[in-house]
Number of protein chains: 2
Amino acid sequence: MALRIDDMDKKILGELQRDAAQSLDEIAKRVGSSKTPVWNRIRKLKEAGVIRQQTVLLDAEALGFEACFFVLIRTSEHEADWQQKFLKALRERPEVLEAHRLAGDIDYILKVQVQNARAYDTFYQALISEVKVHNVTALLSMEEIKSTSMLPL
Amino acid sequence: MALRIDDMDKKILGELQRDAAQSLDEIAKRVGSSKTPVWNRIRKLKEAGVIRQQTVLLDAEALGFEACFFVLIRTSEHEADWQQKFLKALRERPEVLEAHRLAGDIDYILKVQVQNARAYDTFYQALISEVKVHNVTALLSMEEIKSTSMLPL
DNA sequence: AATGAAACGATCGATTT
DNA sequence: AAATCGATCGTTTCATT
């Protein structure tokens with residue numbers, strides 16, 4: 001870890017974010033370098049964990065995941081014990097794509113992607129039966145205006 | 001579009017989500033098929049837009065993006081004109097990683113990834129000077145419990 | 001759906017700057 | 001120390017069966 005990242009690294013990461021399928025030669029040309037140094041930098045960035053995963057982004061609707069909810073959670077329980085159980089439950093449920101612990105009066109936010117509203121209800125019932133939560137608000141997405149994983153390097 | 005997706009397609013997509021860098025042979029072995037049919041299916045899935053992008057997921061903190069906000073927006077304006085302008089503003093701002101139009105009394109939710117709280121304020125001031133919004137609540141993430149782009153196929 | 005071959009790209013060591 | 005070159009090996013791509 002603790003790798004110093006310079007402008008060339010950022011350019012390379014930008015290219016990989018944009019299209020991870022392009023060849024080394026192509027990336028090298030675009031960033032104004034050549035194959036070997038680019039390859040060495042990518043290797044180091046992977047080792048350091050800066051590049052976490054190489055993946056494909058899929059069209060959720062085409063695959064039948066037509067409902068996306070943002071779930072705001074307030075809890076009264078703040079004991080380590082309860083939290084451990086809650087986090088474990090979230091990590092184990094594959095329909096929870098994102099989960100964050102928040103500052104302020106809302107304690108957690110989740111992004112939950114499911115087939116339909118009924119599937120959300122099933123998820124919700126299962127979650128509250130596993131762990132006690134004080135208050136839950138579900139926000140239903142009507143339209144995905146934008147969705148990207150690309151950091152603005 | 002309108003491609004029929006069967007179980008074999010789903011298995012292949014699952015493998016690609018898990019690790020898009022693995023070779024065709026490896027994917028074929030894992031899904032119990034062989035190179036050519038797997039290759040043909042992947043090609044069709046790309047053409048149909050089911051596979052939208054091949055990319056790398058980066059460690060935001062390692063790259064200095066230490067602040068993540070979820071922004072809840074209420075607006076009084078609901079004219080087509082205003083909306084066009086608002087959506088355009090969101091799409092053009094690279095710090096907005098996600099934006100959804102919602103059902104219910106909150107109209108929009110954004111996920112905004114920036115270097116620090118000051119950078120968020122800059123973003124916020126720029127946004128509200130571009131388009132009128134009625135009410136904005138920013139939720140600051142203290143901890144990313146989970147973050148994945150993998151659909152549970 | 002399998003085979004196999006040609007084109008292409010990744011990887012890495014040797015050589016040069 | 002770091003870039004270039006080039007050999008080798010593996011992979012993709014696609015025509016044929």
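Proteins come first, then strands; the chains are lettered A, B, ... in the order of their sequence lines, and each starts at number 1. Excluded from the calculations below are hydrogen atoms, water molecules and symmetry mates; all remaining heavy atoms, backbone and side chain alike, are included.
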Trainee: Atom CG of A:Asp25 and atom P of D:dG6: how far apart are they, to the nearest Å?
Mentor: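 From A:Asp25 CG to D:dG6 P: 14 Å.
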
Trainee: Check every strand shown and say whether A:Pro37 touches a base, only sugar-phosphate, or nothing at a heavy-atom separation below 4.0 Å.
Mentor: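 Result for A:Pro37 = base.
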
Trainee: How long is the line joining CG of A:Asn40 and P of D:dA1, in whole Å?
Mentor: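 Rounded to whole Å, this separation is 15 Å.
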
Trainee: With nearest nucleotide decided by heavy atoms, which residue, A:Arg41 or A:Lys35, maps closer to the 5′ end of DNA chain D?
Mentor: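 Closer to the 5' end of DNA chain D: A:Arg41.
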
Trainee: Using a distance-only criterion (donor-acceptor N/O pair, under 3.5 Å, no hydrogens), is the base of C:dT3 paired with the side chain of B:Thr36?
Mentor: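 Looking at the base of C:dT3, it does pair with a donor or acceptor on the side chain of B:Thr36 (distance under 3.5 Å).
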
Trainee: State whether the side chain of A:Gln53 and the backbone N or O of B:Arg18 hold a donor-acceptor pair below 3.5 Å, judged by distance alone.
Mentor: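 Looks like yes, one N/O pair under 3.5 Å.
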
Trainee: Give me the other members of the hydrophobic cluster that A:Leu90 sits in, counting Ile, Leu, Val, Met, Phe, Trp and Tyr linked by side-chain heavy atoms under 4.5 Å, directly or via other members.
Mentor: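 Members other than A:Leu90 - counting any ILVMFWY side chain reachable under 4.5 Å - are A:Phe69, A:Val71, A:Ile73, A:Trp82, A:Phe86, A:Leu87, A:Val96, A:Tyr108, A:Leu110, A:Val112, A:Val114, A:Tyr120, A:Phe123, A:Tyr124, A:Leu127, A:Ile128, A:Val131, A:Val133, A:Val136, A:Leu140, A:Met142, B:Ile145.
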
Trainee: Which whole-number value in Å describes the distance from A:Lys44 NZ to D:dA1 P?
Mentor: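 After rounding, the reported distance stands at 12 Å.
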
Trainee: Rounding to a whole Å, what distance do you find between B:Glu26:CD and D:dT11:C1'?
Mentor: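 These atoms are roughly 12 Å apart.
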
Trainee: Minimum heavy-atom separation for B:Ile5 to A:Ala62, with atom names?
Mentor: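 Taking every non-hydrogen atom into account, CD1-O, 3.8 Å.
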
Trainee: Whole angstroms only, please: what is the CD-P distance between B:Gln22 and C:dA10?
Mentor: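 Result: 17 Å.
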
Trainee: By salt bridge (Lys or Arg N to Asp or Glu O under 4.0 Å), which residues pair with A:Glu66, not counting sequence neighbours?
Mentor: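 Partners of A:Glu66 by the salt bridge (Lys or Arg N to Asp or Glu O under 4.0 Å) criterion come out as none, since no residue qualifies.
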
Trainee: In whole angstrom, what separates A:Met8's CE from D:dA3's C1'?
Mentor: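 Taking atom C1' of D:dA3 as the reference, CE of A:Met8 is at 12 Å.
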
Trainee: Calculate the interatomic distance between B:Trp39 atom CH2 and D:dT11 atom P; express it in whole Å.
Mentor: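 The answer, rounded to whole Å, is 16 Å.
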
Trainee: With distance as the sole criterion, do the side chain of A:Ser23 and the base of C:dC8 form a donor-acceptor contact below 3.5 Å?
Mentor: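 Flag unset: no donor-acceptor pair detected.
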
Trainee: Rounded to whole Å, how long is the line connecting atom NZ of B:Lys29 with atom C1' of C:dA1?
Mentor: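 Roughly 20 Å, once rounded to whole Å.
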
